[in-house]
There are 2 protein chains.
Amino acid sequence: MGFAETFKALADPIRRDILTLLRSGRLSAGEIGSHFDMTGATISYHLGILKKADLVFEQREKNFIYYELNTSVVEEVMLWLSDLRGGNEHAEKK
Amino acid sequence: MGFAETFKALADPIRRDILTLLRSGRLSAGEIGSHFDMTGATISYHLGILKKADLVFEQREKNFIYYELNTSVVEEVMLWLSDLRGGNEHAEKK
DNA sequence: TAGCTATTTAGAATATTTTCTAAATAGCTA
DNA sequence: TAGCTATTTAGAAAATATTCTAAATAGCTA
């Protein structure tokens with residue numbers, strides 16, 4: 001946790017593509033990998049980084065590992081950016 | 001332009017601190033540098049990265065260079081994240 | 001114009017990231 | 001349990017990022 005890891009994870013186009021894939025629901029590591037022209041090992045490396053950044057979490061089932069988007073961290077990043085942007089001082093905490 | 005550069009720029013804690021400093025208004029390179037324990041050359045390097053990412057723009061005045069936050073790119077990033085997060089389908093374009 | 005002051009650029013050292021191949025792990029299935 | 005299938009881990013190579021010192025640029029000011 002920490003924005004450094006989160007933004008670092010988001011900085012890579014492949015990792016952003018993975019997150020976009022997960023928008024429509026969870027996918028196994030293999031299913032994710034099939035969308036890219038890279039070895040499974042490399043996909044695993046990227047998934048590890050997304051996981052460390054808490055942008056995804058995994059669910060183990062049979063001998064598959066499913067990855068799912070963690071929207072709460074996406075929210076946190078949006079809040080940080082919103083605070084940086086400032087100026088919406090009427091957006092009151094309710 | 002492109003999210004890779006933007007997120008990469010945001011990934012570094014010093015650069016995020018610089019952006020936070022700029023929340024309350026523009027500052028010269030020197031004023032920014034005075035908040036950090038690094039050489040001016042290093043600050044200049046980080047400012048260059050923020051500038052390439054369009055997160056800041058510069059205004060030259062006398063022999064100072066002032067940096068100012070570019071909130072429109074912050075907005076764009078928030079939109080991308082908002083789309084990733086999904087699920088707020090009642091947030092209609094007006 | 002000579003010399004300041006502010007900032008950037010160049011070049012080099014070190015650290016970090018990304019990718020691959022090969023091997024390891026772990027859980028099914030026959 | 002033997003051998004699959006899915007995925008990760010280890011180790012190494014190549015690319016990129018971060019920092020410094022030293023030098024360059026550029027605009028004031030006296």
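Convention: sequence-line order gives letters A, B, ...; per-chain numbering from 1. Computed over heavy atoms, backbone and side chain alike; hydrogens, waters and symmetry mates excluded.
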Would you confirm whether [X], through its side chain, and [Y], through its main-chain N or O, come within 3.5 Å as a donor-acceptor pair?
{"X": "A:R15", "Y": "A:H46", "result": "no"}
{"X": "A:R60", "Y": "A:I65", "result": "no"}
{"X": "B:T42", "Y": "B:M38", "result": "no"}

What N/O pairs connect the protein and nucleotides 1-6 of chain C at under 3.5 Å? Give each pair on its own line.
from, atom 1, to, atom 2, distance (Å)
C:dT5, O2, B:N63, ND2, 3.1

Using the rule given for side-chain contact (heavy atoms from CB on, under 4.5 Å), can you reason through A:V56 versus A:L22, listing the C-alpha separation, both sets of side-chain angles and the distance that settles it, and then say yes or no? CA-CA 9 Å; A:V56 301; A:L22 294 177; 3.7 Å; yes

Apply side-chain hydrogen bond (donor to acceptor under 3.5 Å, both in side chains) to A:E68 and list each qualifying residue two or more places apart in sequence or on a separate chain. A:Q59

Please classify the nucleic acid contact of B:Y67 as base, sugar-phosphate, or nothing, using heavy-atom distances under 4.0 Å. sugar-phosphate

Have a look at A:F36 and say if it touches a base, only the backbone sugar-phosphate, or nothing, with a 4.0 Å heavy-atom cut-off. nothing

Consider side chain to side chain contact (heavy atoms under 4.5 Å, CB included). Of B:V77, B:N70, B:V74, which one does B:L55 pass it with? B:V74

Apart from A:F64 itself, residues in the same hydrophobic cluster as defined by side-chain heavy atoms under 4.5 Å: A:Y66

Atom pair distance, as rounded to whole Å: [atom1] in [X] and [atom2] in [N]:
{"X": "B:L50", "N": "C:dT7", "atom1": "CG", "atom2": "P", "value": "15 Å"}
{"X": "A:L47", "N": "D:dT7", "atom1": "CG", "atom2": "P", "value": "9 Å"}
{"X": "A:E5", "N": "C:dT17", "atom1": "CD", "atom2": "C1'", "value": "14 Å"}
{"X": "B:E61", "N": "D:dA26", "atom1": "CD", "atom2": "P", "value": "19 Å"}
{"X": "A:K52", "N": "D:dT9", "atom1": "NZ", "atom2": "C1'", "value": "13 Å"}

Involving DNA chain D, stems made of at least three consecutive Watson-Crick or G-U pairs, both distances under 3.5 Å: C:1-30 with D:1-30

For nucleotides 14-25 of chain D, read 5' to 3', which letter fits each nucleotide if B means a protein heavy atom sits under 4.0 Å from the base, S means only the sugar-phosphate is that close, and - means neither? ---SBBBBB---

Any pair with a residue in residues 25-49 of chain B that passes salt bridge (Lys or Arg N to Asp or Glu O under 4.0 Å), sequence neighbours left out, goes on the list, sorted by first then second residue, please. B:R26-B:E61

Could you pick out which residue, A:A11 or A:K62, lies toward the 5' side of DNA chain C when each is mapped onto its nearest nucleotide? A:A11

What's the separation between atom NE2 in A:H35 and atom CD1 in A:I43, rounded to the nearest 0.5 Å? 10.5 Å

Can you tell me how the ring of A:W80 sits relative to the ring of A:F7, calling it parallel under 30°, perpendicular over 60° and tilted otherwise? perpendicular

Run the salt-bridge test on A:D12 and B:K8 with the 4.0 Å N-O cut-off and return the result as yes or no. no

